[in-house]
Structure formats: C-alpha cells, structure tokens
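Basis for what follows: all heavy atoms, side chains included, without hydrogens, waters or symmetry-related copies. This is a predicted model, so every value here is computed, not measured.
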Amino acid sequence: MNNKEIEKVLREIGIYLEMKDIPFKPRAFERVADTINELNEEVNNIYKNGGIKAVKKIPGVGESIAGIIEELIKKGKSKDYQRLQKEIPVKLSEFEFIEGVGPKTIKTLYKKLKIKNLKELERATKSGKIRKLPGFGVKSELNILKSIDFLKKSGGRFIRAYILNQIKEIELGLNKLRETNKVIIAGSTRRKKETIGDVDILVTSKNPKKVMDYFVNISGVLKIIAHGDTKSSIKLKNGLNVDLRVVPEKSYGAALNYFTGSKNHNIELRKLAMDKGLKLNEYGLFKDKKQIAGRNEKEIYEKLGLNYVEPELREMRGELDLVKNNKLPKLIKVEDLKGDLHIHTDWSDGSLSIEEMANEGIKMGLEYMIISDHSKGLTVANGLNEKRFQKQWKEIDKFNKKIKSKGIKFKLLKGIECDILKDGSMDLSDKILSKFDIVGGSIHSLFNLSKIEQTKRIMKAMDNPHVDIINHLTGRLINRRDAYNIDIDKIISHAKKTKTILEINSFPDRLDLKDDYIKKCVEGGVKIAINSDAHATSHMHYLEFGVDQARRGWVEKNNIINTWPLKKMLKMLK
DNA sequence: GCCGTTTTCGGCCCGACTGTTTTCAGTCG
C-alpha cells in the first residue's frame, strides 16, 4: 500500500469515529493522515527498514495506529476499518467535495434515508426527501444539490500560476475601495503552493460591511456561500472559492499569520503560545486579556521567541525546530537568476526565432541563455539531427557577434534537450554531444516502464560524461499525468555521485521537481538549475514560478547554478 | 488515540457563519 492509500484509510477511520460522536480520536486519525500526506518517504519503506518501531516514530502514530498501518502494509486491509465500513457502508470519498456536508450529516443521511453514495444523495435531494429530515430545510437541500451539480462540472484544485492574474484582479479591486486599508492574499497562494484549493484574502478596514457588500457583488460570482460582517465567501464561475476576512488594524499580523497557515504550522504556534501562558488567535497574541502582539507577523514570532518564518516554509517540515536555532535557509529570489538553461525556438517546437527569444532574455536582464531544442528522436516536436544542430550553431554564433558589436552584455549558448532512449543511452552520439556547451537529458517516451527499469534508465543517462542536466525528472503533469515510477532517493544520490544537475522546470503544470524532492536535493548536496522550458517569450517569465517552487524546497541562492555568472556556472558542469 | 525535560493520566487550537433552531449543532478553515 502506498502513502495515499494508507492516508485515505486513516482519514476515513477518523470520519467514522466522528460520526459516532467519539471525542478526540477523530483528531488523532486526521492528524496522522495529514502527516502521511506530507511525508517524504513511503511508509512502506519505513516499515520495511525499521519495522513497527520506526512506524511509531512518525509523529502522531502510537501503538494502535501503528498496528493498523502494519496490517495495511502486510494484508492490504484493516479489520477496524472494515468493521466501521460495515456499520456505516457509505462511500465517504464521494462526499468529500460536497460543501457543507460533513461526518454528522453523512451519518444522518444514511440512518434516515439509507443514502450511501452521491447518486443516491442526488436522487433524494431531487425528490425533496432531505428537507423533511430534522435539522434540515429547503435551503440545505438546495445547497447540496448545487454542490453536486458543480462537482459534476469541475472539481479538484487549481494550478496557482494559471489563476494568479484573476486573484490579483480581485486584490486590485479591493485595493481601490476607499474603505479598505491593507489588502493581502493569504493562504496557500501566499505559501506559493503549486496548486490551491481556494483563495484567502485579508483586509483591514474600519467599515467592514461596505467591503463585504462590494466583495460578494464583484463580477464573475457564481454563488455567495457566506456573507457575514467580518467573513464572506464566494464561488466564482470557474469554480474557485474565494474567502474574504476583515480584521481591525491591530490584528492584521495575527490574522495574516492565521490565514496564511498552514494549519499544522498554526497549531504548533498556538501550542507554543500556550506553553508560555499565552493565547494566540486571529486577533492577536494575548496574555490574559491583554494583547501583547498581533499588529504584524514579525512581533508574534518574536514574542514566541522565534525569528520570522517565510510563508513558503510554514508547512511543519521542521521549520520550527530550525528557527529556534536561527538556522532557517535564506531563500532564493527571482532577481538572483542570471540565466535560463532551457529555451526552445522555432528550430524545433518553439513558436519564435532564436533572436526573438534572446531579445526577451535581454529585456528581462538575463546575462545568458541556452538554446536547447529537441533532438531528432522527438519527431513530433521537429527534433534536430546532427546536421541541423550544426546549422543552428552558426546562427547562434552570428547572434552573439551582433550583440557583442552593440556592446550588450549577454551570451547565447549552444544546448540541447536530448531524448533519453529506453535503455538510458542518448538520442545523439557522444561525439556530437561533446560539442555542445551544455547538454540536458529528458524522457519523452515510455513513461510506463517498471520502477527498476525507469530508475536504471535515468541513472545510465547520468553516467554519460556529456549529460550535464536531467530535465523535468519525474515527468508529471499536474492534474493530468502522474510522475513516472522511479526511485527518487537512488536517483538523487546518483546525481550527487555523477555531478549531474537536476532541473526545476518552471512550467506551471510541470513544476518538476516538486518541493519535497527539491528539499531532498538541497539536503543531499545536489546542484539544481531553475529553467523556464519556454516555447514562446511569454513562457520565459514562468521562471518566477520555478523560483517559488524552489523556495518551497528550502533553496538558497548557492544551490542554483544559474544564479552564478556564466564562467562560474560553466565550471560547475561536467 | 496520542503525548509528556512539570506529567504514564489528563489534557487535546480556536472562532465565524449558516441554517436550523429559539440556544445550538455542524461545518469549515
């Protein structure tokens, strides 16, 4: 069983216990499910290497849950889980995205109407049976129906980079209001997560009602979910939920901290406050009834005896242990990038010429760019053979000469995105690969090899003395395609051994490596490049999202080779 | 069910909003 499956069972056990009104236990299961969701390592491996003792070291896992996990790994099932399923045979996962329907409601629906899945819920809603239940009414029935309708149309999370402009527009509108003072996007958007479930906006204002009235009436609203004095929530036509909170100025920092999350980071902060005899909520840090901090985030951390923690780090991945010793990383910024090592042109599947792409790089203030078109194996992308590459080099030389004569400090380099073939050999010969300034290797075929084969394939490519970088290592497409099956730890340690650089591909639906893997690279001393993989000039600005991803992986400037000046960067290659 | 450099027992983060009630349970973040 993999982590996702184990997580699901534990989370559902928690929901079942909640249905049965059992106190505290649901939280215990939920907590472990959250932890496993964010775990870097497969629980399966932890168990294989260290047995049940190692499993118990996972925070929140004790005697009982460790037993359940062992059972899941050994037998693929859990007696406790099965017993609960038998008692209330409901497809919990189908109800997950129905707004306003939680454990207690699911239980009532089952007990009174024998509703076990979404289909039966929809039928009952349409026949007006729900409104007759105690505690329900016409409105709750309608809400459930709307929620089901919506789920059919969309579902899932949004890629942050693709909806950022829409969010910024809402932010701008709020900023223009006379009644608002501070306006800031909090939540997972501020933590720069690759995908976001909803948007949290925070506003300070002396006239919250006006702000709320404006907000629920902005254009593009499909439905008003809540409309209160200090909190409102809307659903936009594309399905995105946006929450707005208004707080007084003196609570701005506390509220920002609270609504930035993550939830687990906040919970730990509150516990820290409690240890000091204080209370932390979204209105401030309090000693008895007196507010001692909360105007800004920094003073809250300070009063808790901590340095400021950047939003990207607030995921309970060890940041609160490190911050106590002043050992948090100094995160990379987008201005630190001096070059882009992965650019396509109309020589293969890009849409613009070498010169057009290069000019955009100059405009962005980059000092160098690698032209890295596809190799011949990728025929769908008009990949280049040796002859065409040699022709392309002449054009690159010509451009560099022209630039130099104009006195512009910028250089184009000769690169390639070379296909890694099934057996790990490269699409072009070593002889020609040796002539490029920089060689990137990519997998564009045979995504479904076994874990052993795929891992071997990539490791062999790394062994090639000319392959400097592995591009988009795991091949995932967010919301569309899973990563290939690889042994990430083995590959990262092989990258270190062979001095191969790993790419953070900045394309919003790739963002490959993902943050956990980036953190592993940093910890393992593997060098990284942040590249745009641009096929048009607009894509070149995606570098920003690659940097965001890097920051979530605890990356400092020094970990990234394209923060170095050209000469030094080239020295870091094989 | 989990956890502990005060604790192996007695605590467990906290508040807003809705829809149903007529003081509150359920949900959400």
(Q) Please report the distance separating the C1' of B:dT8 from the corresponding atom of B:dC13, rounded so that it comes out in whole Å. (A) 24 Å

Q.
Give me the distance, rounded to whole Å, that separates B:dA25 from B:dT20 when you measure between the C1' atoms they each carry.
A. 9 Å

Among [range], which contact DNA chain B at a heavy-atom distance under 4.0 Å?
range: residues 122-140 of chain A; value: A:G135, A:F136, A:G137, A:V138, A:K139, A:S140
range: residues 285-303 of chain A; value: none
range: residues 71-87 of chain A; value: none
range: residues 11-25 of chain A; value: A:F24, A:K25
range: residues 41-50 of chain A; value: none

Pairing residues for [X] by the salt bridge (Lys or Arg N to Asp or Glu O under 4.0 Å) criterion, not counting sequence neighbours:
X: A:K287; answer: none
X: A:E96; answer: none
X: A:K209; answer: A:D213
X: A:R317; answer: A:D515, A:D516

**Q.** For A:E282, side-chain hydrogen bond (donor to acceptor under 3.5 Å, both in side chains) partners two or more places apart
**A.** A:R245

Q. Who passes side-chain hydrogen bond (donor to acceptor under 3.5 Å, both in side chains) against A:D487, sequence neighbours left out?
A. none

Q: Compute both the distance and the angle, then confirm whether A:K298 meets the cation-pi test with A:Y308: under 6.0 Å from the six-membered ring centre, within 45 degrees of the axis.
A: no

Q) First and last nucleotide of DNA chain B touching chain A, 5' to 3', heavy-atom cut-off 4.0 Å? A) B:dG1 to B:dG29

Q: May I ask you to decide if the ring planes of A:F545 and A:Y542 are parallel, tilted or perpendicular, using 30° and 60° as cut-offs?
A: tilted

